[in-house]
Number of protein chains: 2
Amino acid sequence: MSTNDTKDRIISAAEKLFAERGFAGTSLRGVTSAAGVNLAAVHYHFGTKDALMQAVFDRRIGPVNKQRLERLDQIEAAAGPDGPDLEEILEAFMSPIMELKRDLEGEGMMWSRFIGRVYTEPVEIVETMIRDHFEEVGRRFVAALATALPDLSESEIAERLLFSIGALSHTLIDLHQIVTPSQGAVQAGAPTLQHLVAFLAAAFRAPSAQPAEAHRETTVTEAVAS
Amino acid sequence: MSTNDTKDRIISAAEKLFAERGFAGTSLRGVTSAAGVNLAAVHYHFGTKDALMQAVFDRRIGPVNKQRLERLDQIEAAAGPDGPDLEEILEAFMSPIMELKRDLEGEGMMWSRFIGRVYTEPVEIVETMIRDHFEEVGRRFVAALATALPDLSESEIAERLLFSIGALSHTLIDLHQIVTPSQGAVQAGAPTLQHLVAFLAAAFRAPSAQPAEAHRETTVTEAVAS
DNA sequence: ACCTGATTCAGACGACTGTTTGAATCGTAC
DNA sequence: GTACGATTCAAACAGTCGTCTGAATCAGGT
């Protein structure tokens with residue numbers, strides 16, 4: 001247990017500091033002293049700072065993306081031949097992040113801020129991590145959105161999903177106290193996931209800007225995941 | 001002239017590197033060697049790294065915000081008693097960044113990426129800079145949007161403007177080759193400012209999520225600028 | 001030619017960076 | 001209790017960081 005204890009304490013402290021100060025702005029000494037462990041423990045358990053970032057990322061992103069896909073499976077199975085509603089799809093994409101946050105309380109409160117920041121980190125290894133993990137999720141959700149919005153080309157959907165991820169990640173960084181209604185009384189003025197979903201759903205329904213037949217072919221994840 | 005020459009070369013090099021690697025990820029030695037000047041020139045002309053960031057920020061944000069307000073003045077003067085269209089307001093907000101970029105070509109190509117990143121920098125001085133410079137712009141645009149969207153409360157508008165800034169900054173960071181149509185042929189698949197404006201205009205028109213009379217009072221810039 | 005203030009220069013300051021070492025300590029199986 | 005692999009420890013590695021110094025170089029006015 002002592003292994004996992006030290007390892008987890010390092011990961012949690014790193015998650016918090018990466019969320020607050022970014023990757024380059026966080027020192028390993030800051031992490032280990034916040035975690036109450038020896039500096040060399042990072043090298044012993046992870047090897048390098050990059051590998052630590054990878055571990056922080058892996059601990060959370062796996063479950064989130066798994067849940068995203070499960071929810072998408074659920075609503076697709078429950079939907080008629082036209083597929084799920086736009087709002088359902090967006091909620092399947094966004095809410096796993098919020099729910100994970102609620103489940104964690106305390107120690108994981110920084111998670112949502114971390115995942116928001118991750119999307120903007122100017123560090124090569126982070127960009128690679130996101131691309132790799134987002135590939136399947138991006139493909140599935142663009143396909144689902146394409147069914148719900150038959151007037152839009154796939155490249156337009158990918159573009160709008162990019163806009164949406166920007167809005168989501170910025171909201172996560174900025175207002176990490178973002179609240180889900182099921183969490184109890186929504187404090188006045190706190191942006192909720194529902195607000196963002198409603199906002200983005202209306203945005204996705206904007207008419208296509210392209211001539212009707214000019215559907216370009218692009219690799220979905222090429223345009224979306226980065 | 002030699003003064004301004006060295007000073008400007010440092011600022012331009014810093015702008016580029018801050019845009020690519022972030023503030024904490026950029027060293028002054030990297031900046032000065034990219035600028036082809038002596039390391040101590042930073043200390044001589046700016047004093048500290050924080051002050052350099054301030055100078056980089058100041059060189060661009062002033063003109064952008066000035067132009068934002070000028071355009072808002074223009075469209076408000078030209079509009080009827082109901083005020084300008086939603087799309088006009090959003091374009092007044094977004095396009096100055098794009099046009100500055102077009103005007104600069106070459107050396108300033110990194111500007112849009114820099115301004116996008118600035119909104120996500122986890123550095124205290126940067127957050128302060130944004131808050132200070134955004135105050136008037138935020139107040140004016142929220143007021144204009146409130147006129148164009150009378151069904152929304154000010155706090156809802158501020159919230160949606162926050163979402164929009166997230167979408168904008170993420171797009172600027174991610175796809176700094178974003179193109180304005182007036183720049184010539186739009187390459188297929190490149191997100192344009194027009195796409196983002198249309199996307200966000202539809203989003204702003206989403207019906208209010210609040211009970212009609214529950215308009216909360218908040219300082220606008222408190223909720224928006226950060 | 002000389003002075004003066006502005007600017008640039010090489011070099012160094014101490015502090016901090018990620019990484020590594022080898023010995024000390026731990027828990028566990030014999 | 002003793003041996004052994006896993007883990008933790010203090011200490012140090014070489015390198016980089018932001019900052020600063022004092023001398024050298026420059027420009028322009030007298």
Side-chain angles (χ1 to χ4, degrees), chain A residues 1-59 118 121-129, chain B residues 1-59 114 117-118 121-129:
Chain A
M1 67 168 161
S2 69
T3 288
N4 286 344
D5 195 47
T6 297
K7 219 169 165 178
D8 282 350
R9 290 171 60 145
I10 292 174
I11 292 182
S12 292
E15 180 174 280
K16 181 181 172 192
L17 291 176
F18 287 163
E20 285 174 345
R21 311 178 196 173
F23 181 75
T26 301
S27 74
L28 293 182
R29 283 170 181 80
V31 171
T32 53
S33 86
V37 304
N38 190 274
L39 168 64
V42 173
H43 172 253
Y44 179 77
H45 287 285
F46 303 97
T48 66
K49 189 184 181 185
D50 281 7
L52 171 60
M53 170 55 108
Q54 182 91 47
V56 175
F57 187 76
D58 285 345
R59 181 173 73 165
V118 141
E121 274 285 358
V123 179
E124 197 187 332
I125 182 197
V126 176
E127 295 165 7
T128 307
M129 276 163 27
Chain B
M1 66 171 158
S2 70
T3 287
N4 286 346
D5 195 48
T6 298
K7 219 169 166 178
D8 281 350
R9 291 172 60 147
I10 292 174
I11 292 181
S12 292
E15 180 175 281
K16 181 181 172 192
L17 291 175
F18 288 163
E20 284 174 345
R21 311 178 196 175
F23 181 75
T26 300
S27 75
L28 293 182
R29 284 169 179 81
V31 170
T32 53
S33 87
V37 305
N38 189 273
L39 169 62
V42 174
H43 173 253
Y44 179 78
H45 287 284
F46 304 97
T48 65
K49 189 183 180 185
D50 280 7
L52 171 58
M53 169 56 107
Q54 182 91 47
V56 175
F57 187 76
D58 284 346
R59 182 174 70 165
F114 169 82
R117 183 162 309 294
V118 141
E121 274 285 0
V123 179
E124 197 187 331
I125 182 196
V126 177
E127 295 166 6
T128 306
M129 276 162 27

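In what follows, chains are A, B, ... by sequence order, proteins preceding strands, each numbered from 1.
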(message) Output one letter per nucleotide in nucleotides 10-17 of chain D: B when a protein non-hydrogen atom lies under 4.0 Å from the base, S when only the sugar-phosphate is that close, - when neither is.
(response) B-B----B

(request) Can you see which heavy atom on B:Glu121 is nearest to which on B:Phe23, and at what distance? (result) OE2-N, 2.7 Å

(request) Rounded to the nearest angstrom, tell me the gap between atom CZ in A:Arg9 and atom P in D:dT8. (result) 10 Å

(message) Can you tell me if B:His45 touches the phosphate of C:dT8, counting only side-chain N or O atoms and a distance under 4.0 Å to OP1 or OP2?
(response) yes

(message) Measuring to OP1 and OP2 of D:dC20, would you say a side-chain N or O of B:His43 lies under 4.0 angstrom away?
(response) yes

(message) On the six-membered ring of B:Tyr44, is B:Lys7 placed so that its NZ or CZ lies under 6.0 angstrom from the centre and within 45° of the ring axis?
(response) no

(request) Measure the distance from CZ on B:Phe46 to P on D:dG18 and round it to the nearest whole Å. (result) 15 Å

(request) Output yes when B:Arg117 and B:Glu20 qualify as a salt bridge under the 4.0 Å nitrogen-oxygen rule, no when they do not. (result) no

(request) Look at the side chain of A:Thr32 and the backbone N and O of A:Arg29, then say whether any donor-acceptor pair between them is shorter than 3.5 Å. (result) yes

(request) May I have the distance from A:Tyr44 (atom OH) to D:dA6 (atom P), rounded to whole angstrom? (result) 6 Å

(request) Verify, without hydrogens or angle tests, whether B:Arg21 (side chain) and B:Thr26 (backbone) share a donor-acceptor contact under 3.5 angstrom. (result) no

(request) Report the distance from atom NZ of B:Lys7 to atom C1' of C:dT8, rounded to the nearest whole Å. (result) 15 Å

(request) Could you tell me whether the phosphate oxygens of C:dT8, OP1 or OP2, come under 4.0 Å of any side-chain nitrogen or oxygen in B:Thr6? (result) yes

(message) I need the single residue from B:Ile10, B:Leu39, B:Leu17, B:Thr48 that forms a side-chain contact (heavy atoms from CB on, under 4.5 Å) with B:Leu28. Which is it?
(response) B:Leu39

